[in-house]
There are 2 protein chains.
Amino acid sequence: MKNKYSDILKKLKLKITPKRIEILSILDRENYFKSPEEIWQLMKKRFKKIGLPTVYRNLEDLAEGGVIFRIIHPDRQLYYYFCNNKDHHHHFVCISCKRVSDVDYCPEKEVINYVSKRIKGKIISHIFQINGICNVCMNIESSLGGTK
Amino acid sequence: MKNKYSDILKKLKLKITPKRIEILSILDRENYFKSPEEIWQLMKKRFKKIGLPTVYRNLEDLAEGGVIFRIIHPDRQLYYYFCNNKDHHHHFVCISCKRVSDVDYCPEKEVINYVSKRIKGKIISHIFQINGICNVCMNIESSLGGTK
DNA sequence: ATACCAAATGAAAATCATTTCTATTTATAA
DNA sequence: TTATAAATAGAAATGATTTTCATTTGGTAT
Ligand SMILES: [Zn+2]
Ligand SMILES: [Zn+2]
Ligand SMILES: [Zn+2]
Ligand SMILES: [Zn+2]
């Protein structure tokens, strides 16, 4: 029980390696989503030997384990976000600064009835992501606009 | 006003070309989402000269015009679905047979208040997709299961 | 502590969906 | 019809992600 990241990895039955700890630490540091490449660049500050595939592999495993979340992005590349919130929830993503905020609301229950009665199907999973401009970026925008 | 696809293209200010008509026709034919590659294979039956980039370009333009919809898939490749429903709505996607069904419900209004009050952000767009098993696939499953 | 083994990693190469480039063709409006 | 911008084919490039395989490492049992 070295730290919270060790615990997380232990729960996922993944070996506790310095690289994995660092990946979690980097993602946990700020409320921004990050690409494998970005994370790799940050990793290189601490490890002289660190391969990009290691970053990809671990991000995939951590996302699979539900410890980090994938962000859906128009450029269709991979982005991840660390989130401590253990309850099922969704995310508000700022398209300007990449900040992510929890949205403690899930629309699944609103459509379970619709899907079962009208489509006569069974829900397996769902994707809900809200994209927008966060308060920080709105304030920047409005302060810029105010000078006109 | 040759047909409904010509009208669609006219509205989008895209030139009415045989390739575009055929792409719309292929996507409109069945309630399945399709990849650019699949559509290209089907196009080759009618056109001896048809390039894959043409299919990609047109699918992109049509999606941009809101005539076809992108499906979010775990393999992260591009898939498209033709949908006549002009009202804002979402989709139920069968992960087994690729069938798509309209879900005339949108969770946006449920979170507008949350986002504006708690996150103090502004919603620009949202993604909501329900993945599951459709009734056709459920029936196939249960008839297979019944033989045990 | 030491040895062992499966898991994790680095480095290089491969993959392959998607995009770009350019010369040619085509749709459309005057 | 003719002019012109848009659309297309074909070939090549791109680049994020994945695979391969030899080496290293973490966890567990001596
Ligand atoms: Zn969260
Ligand atoms: Zn949910
Ligand atoms: Zn629809
Ligand atoms: Zn909606």
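FYI, side chains are in, hydrogens and waters are out, and symmetry mates aren't considered; it's all heavy atoms of this structure. Numbers restart at 1 for each chain; the letters A, B, ... are given by sequence-line order, proteins then strands.
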Undergrad: Which nucleotide span of DNA chain C, 5' end to 3' end, has atoms closer than 4.0 Å to non-hydrogen atoms of chain B?
TA: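 Counting from the 5' end, contacts occupy C:dA17 to C:dT28.
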
Undergrad: Taking only nitrogen or oxygen atoms into account, show me every contact under 3.5 Å that the protein makes with nucleotides 8-12 of chain D, one pair per line with its distance.
TA:
unit_1	atom_1	unit_2	atom_2	d
D:dT8	OP1	B:T17	OG1	2.8
D:dT8	OP2	B:N58	OD1	3.4
D:dT8	OP2	B:N58	ND2	3.0
D:dT8	O3'	B:K19	NZ	3.1
D:dA9	OP1	B:K19	NZ	2.3
D:dA9	OP1	B:K49	O	2.5
D:dA9	OP1	B:I50	N	3.4
D:dA9	OP2	B:G51	N	2.9
D:dA9	OP2	B:T54	OG1	2.4
D:dA9	N7	B:R57	NH2	3.4

Undergrad: First locate atom CG of B:L78, then atom OG of B:S35, and finally report the distance between them rounded to the nearest 0.5 Å.
TA: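 Going from the CG atom of B:L78 to the OG atom of B:S35 covers 9.0 Å.
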
Undergrad: Please identify each residue that fulfils side chain to side chain donor-acceptor pair (under 3.5 Å) with B:N113, with sequence neighbours left out.
TA: B:K117

Undergrad: Quick one: CD on A:E141 to CD1 on A:I133, what's the gap to the nearest 0.5 Å?
TA: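 Between atom CD of A:E141 and atom CD1 of A:I133 there are 5.5 Å.
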
Undergrad: Find the distance between NZ (A:K34) and CD1 (A:I68) and round it off to the nearest 0.5 Å.
TA: 11.5 Å

Undergrad: Within the supplied structure, the quantity of interest is the number of heavy atoms (other residues, nucleotides, ligands) at a distance under 6.0 Å from A:E64 CD; does it exceed 12?
TA: no

Undergrad: Might you confirm whether atom NZ of B:K44 has over 12 heavy atoms from other residues, nucleotides or ligands at distances under 6.0 Å?
TA: yes

Undergrad: Would you say that more than 12 heavy atoms from the other residues, nucleotides or ligands in this model lie under 6.0 Å from the NZ of B:K86, or not?
TA: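 More than 12 within 6.0 Å, yes.
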
Undergrad: Closer than 4.0 angstrom, basic N to acidic O: yes or no for B:K4 and B:D28?
TA: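 Looking at B:K4 and B:D28, the cut-off is met.
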
Undergrad: Determine whether more than 12 heavy atoms belonging to other residues, nucleotides or ligands lie under 6.0 Å from atom NZ of A:K109.
TA: yes

Undergrad: Does anything in residues 59-82 of chain A reach DNA chain D, meaning a heavy atom under 4.0 Å, and if so which residues?
TA: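 Correct list: A:Q77, A:L78.
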
Undergrad: Between B:H73 and B:Y79, what is the ring plane arrangement, given parallel below 30°, perpendicular above 60°, and tilted in between?
TA: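 B:H73 vs B:Y79 ring planes: tilted.
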
Undergrad: Return yes when atom CZ of A:R46 has more than 12 non-hydrogen atoms of other residues, nucleotides or ligands closer than 6.0 Å, and no otherwise.
TA: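 Open.
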
Undergrad: Angle between the end axes of the helix from C:dA1-D:dT30 to C:dA30-D:dT1, five pairs per end, to the nearest 10 degrees?
TA: 40°

Undergrad: Kindly say whether the aromatic ring centers of A:H89 and A:F69 come within a distance under 6.0 Å.
TA: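 Ring centroids of A:H89 and A:F69 are less than 6.0 Å from each other.
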
Undergrad: Indicate whether the side chain of A:N131 and that of B:H126 have a donor and an acceptor atom separated by less than 3.5 Å.
TA: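 No donor-acceptor contact under 3.5 Å links the two side chains.
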
Undergrad: Knowing that exactly one of A:Y105, A:Y81, A:F128 qualifies, which makes a ring-ring contact (aromatic ring centres under 6.0 Å, His included) with A:H90?
TA: A:F128

Undergrad: Can you pull out the residues from residues 32-44 of chain A that lie within a 4.0 Å heavy-atom distance of DNA chain D?
TA: none

Undergrad: Output the distance between atom OH (B:Y80) and atom CD1 (B:I71), rounded to the nearest 0.5 Å.
TA: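 Rounded to the nearest 0.5 Å, the OH-CD1 separation comes to 11.0 Å.
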
Undergrad: Under 4.0 Å between a side-chain N/O of A:Y56 and OP1 or OP2 of D:dT18, yes or no?
TA: no

